[in-house]
Amino acid sequence: MSEKEKPVVSIEAFIYGQDNSRMEYDIAIPIDDPSMIGKPDKLSPYTQLRLASVMNDMKSGHRIKCEFCGAEDARENYMTVASHLHLPAKGEPGWMGRPSPGPKLTAYIHGVCRMNGPCGKQARGQGALLGMMTMAPQEASFDDGNYDDTVYPKNGSCAGCQADASVEKTLQRCGSCKTAQYCGPDCQKIDWPRHKKTCKWIKGSRWVNSEQEIKVFKENPNQKKSIVVPKV
């Protein structure tokens with residue numbers, strides 16, 4: 001079965017920054033073994049591993065200020081996942097006899113300056129409340145509860161060198177996914193062994209600023225209208 005013929009897990013991902021600004025992504029992760037469909041105990045770890053891989057690209061997509069203090073750049077990303085990985089294959093009878101959209105999930109990601117500080121505490125609290133508001137089954141947490149003083153790359157930095165200084169540059173976007181950003185060809189070449197796989201999974205990307213104005217980087221013809229998740 002070719003890559004294009006494989007069924008997919010459809011993912012809507014939102015990385016939130018200050019004043020409800022955010023990056024929105026439409027991701028389609030190919031399912032290598034279709035027998036996993038309808039078996040969330042198998043499909044969930046498979047999806048989480050690949051979502052973590054494409055997170056490198058999503059994080060590079062735009063500079064974001066910490067959602068909570070707004071004073072510092074976001075470096076860490078706290079994720080809450082609402083899962084519908086139990087759904088049958090696309091087109092098969094699903095909930096209440098309606099055709100299934102196929103397995104999917106929504107990732108709500110909080111851009112945080114430091115998870116081991118007060119902003120991280122707010123992220124964990126808001127993530128829990130947001131999870132309850134989704135009215136969908138929750139995945140096992142990506143959070144192991146262990147935070148230290150490790151300094152992570154900034155959101156919006158080069159996906160190759162990941163240098164803090166790169167957020168001040170005019171970076172070049174990957175010509176295909178329009179998401180991963182690079183200082184130039186040298187940095188893109190460094191990252192290509194990783195990015196060549198995840199690049200194909202990104203179907204759409206948009207920046208929504210604090211005024212809720214939308215800038216489309218990659219147009220997804222199947223994308224729903226941009227939504228605003230209420231503050232909690």
Side-chain angles (χ1 to χ4, degrees), residues 11 13-25 27 29 45 47-81 107-128 130-131 139-174 177-184 186-199 201-202 205 207-208 217:
I11 299 175
F14 307 87
I15 304 182
Y16 286 88
Q18 183 184 21
D19 296 330
N20 212 29
S21 60
R22 62 194 180 277
M23 277 298 297
E24 301 182 345
Y25 296 102
I27 310 294
I29 296 179
T47 302
Q48 287 195 16
L49 182 63
R50 285 152 182 80
L51 179 56
S53 180
V54 77
M55 186 66 207
N56 286 11
D57 304 303
M58 295 193 294
K59 184 176 180 180
S60 172
H62 206 284
R63 188 177 186 178
I64 290 176
K65 289 292 184 181
C66 175
E67 180 181 1
F68 303 99
C69 70
E72 298 186 44
D73 287 316
R75 292 180 178 271
E76 301 185 58
N77 296 268
Y78 185 82
M79 185 183 301
T80 300
V81 175
Y108 302 100
I109 305 163
H110 304 282
V112 184
C113 55
R114 286 183 300 277
M115 283 301 298
N116 67 343
C119 292
K121 184 176 181 180
Q122 289 186 65
R124 294 191 294 276
Q126 185 161 336
L130 197 56
E139 290 292 308
S141 177
F142 284 71
D143 178 16
D144 62 7
N146 295 318
Y147 303 106
D148 54 27
D149 294 325
T150 300
V151 178
Y152 294 92
K154 292 182 177 181
N155 282 55
S157 61
C158 170
C161 69
Q162 300 185 328
D164 279 3
S166 66
V167 301
E168 305 293 345
K169 300 178 181 179
T170 300
L171 301 178
Q172 301 173 21
R173 292 186 180 273
C174 168
C177 72
K178 311 293 185 184
T179 294
Q181 298 194 96
Y182 300 99
C183 297
D186 290 343
C187 286
Q188 188 170 18
K189 185 176 180 180
I190 291 171
D191 192 44
W192 182 242
R194 179 202 65 82
H195 181 64
K196 65 182 178 181
K197 188 171 186 178
T198 59
C199 180
W201 301 347
I202 301 170
S205 63
W207 167 248
V208 184
F217 294 116

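Scope of the values below: all heavy atoms of this structure, side chains included, with no hydrogens, waters or symmetry mates. Counting from 1, the numbers follow the sequence of the chain as shown.
Of all the heavy atoms in W207 and S21, the pair that sits closest is CH2-CB, 3.7 Å. Across all non-hydrogen atoms, the minimal contact from I15 to N155 is CG2-ND2, 3.9 Å. Shortest non-hydrogen contact noted between I29 and T47 is CD1-O, 4.2 Å. Taking both residues in full, the closest heavy atoms of D191 and G160 are given as CB-CA, 4.1 Å, listed atom of the first, atom of the second, then distance.
For the pair V54 and I202, the minimum side-chain heavy-atom distance is below 4.5 Å. R124 has its side chain out of reach of V112: every pair of non-hydrogen atoms, C-beta onward, lies at least 4.5 Å apart. No side-chain heavy atom of H195 sits under 4.5 Å from any side-chain heavy atom of Q188.
Side chain of R173 to backbone of G61: a donor-acceptor contact under 3.5 angstrom is found. Y25 places a side-chain N or O within donor-acceptor distance of the main-chain N or O of M58, the cut-off being under 3.5 Å. A donor-acceptor pair under 3.5 Å links the side-chain atoms of S60 to the main chain of S157, judged by distance alone. At least one donor-acceptor pair under 3.5 Å links the side chain of E76 to the backbone N or O of M115.
The salt bridge (Lys or Arg N to Asp or Glu O under 4.0 Å) pairs that include a residue from residues 48-60 are D57-R194, where partners are two or more places apart or lie in different chains.
D186 pairs by the side chain to side chain donor-acceptor pair (under 3.5 Å) definition with nothing, not counting sequence neighbours. For S205, the side chain to side chain donor-acceptor pair (under 3.5 Å) test picks out T179, with sequence neighbours left out. Evaluation of the ring pair (Phe, Tyr, Trp, His ring centres under 6.0 Å) rule for W201 yields no partner, not counting sequence neighbours. With sequence neighbours excluded, the residues forming a side chain to side chain donor-acceptor pair (under 3.5 Å) with R75 are D164, listed by chain and number. Taking the side-chain contact (heavy atoms from CB on, under 4.5 Å) definition, one finds that T150 meets it with D148, Y152, sequence neighbours left out. For L171, the side-chain contact (heavy atoms from CB on, under 4.5 Å) criterion is met by S166, K169, Q181, C183, not counting sequence neighbours. Remark: N116 pairs with D149 by the side chain to side chain donor-acceptor pair (under 3.5 Å) rule, at least two apart or across chains. For K65, the salt bridge (Lys or Arg N to Asp or Glu O under 4.0 Å) test picks out D73, with sequence neighbours left out.
We find the CZ-CG distance between F14 and N20 to be 10.5 Å, quoted to the nearest 0.5 Å. Rounded to the nearest 0.5 Å, atoms CD (Q172) and SG (C158) are 9.5 Å apart. Atom CG of L51 sits about 6.5 Å away from atom CD1 of I109, to the nearest 0.5 Å.
Using a cut-off of 4.0 Å between Lys/Arg side-chain N and Asp/Glu carboxylate O, R63 and E168 are scored as salt-bridged.
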Could you go step by step and tell me if E72 and R114 meet the side chain to side chain contact (heavy atoms under 4.5 Å, CB included) rule? CA-CA 9 Å; E72 298 186 44; R114 286 183 300 277; 3.0 Å; yes

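Ring-plane geometry between H62 and F217 is classed as tilted, the angle between the planes lying from 30 to 60 degrees on a 0 to 90 degree scale. Using bins of under 30°, 30° to 60° and over 60° for the plane-to-plane angle, the ring pair F68/H110 lands in the tilted bin.
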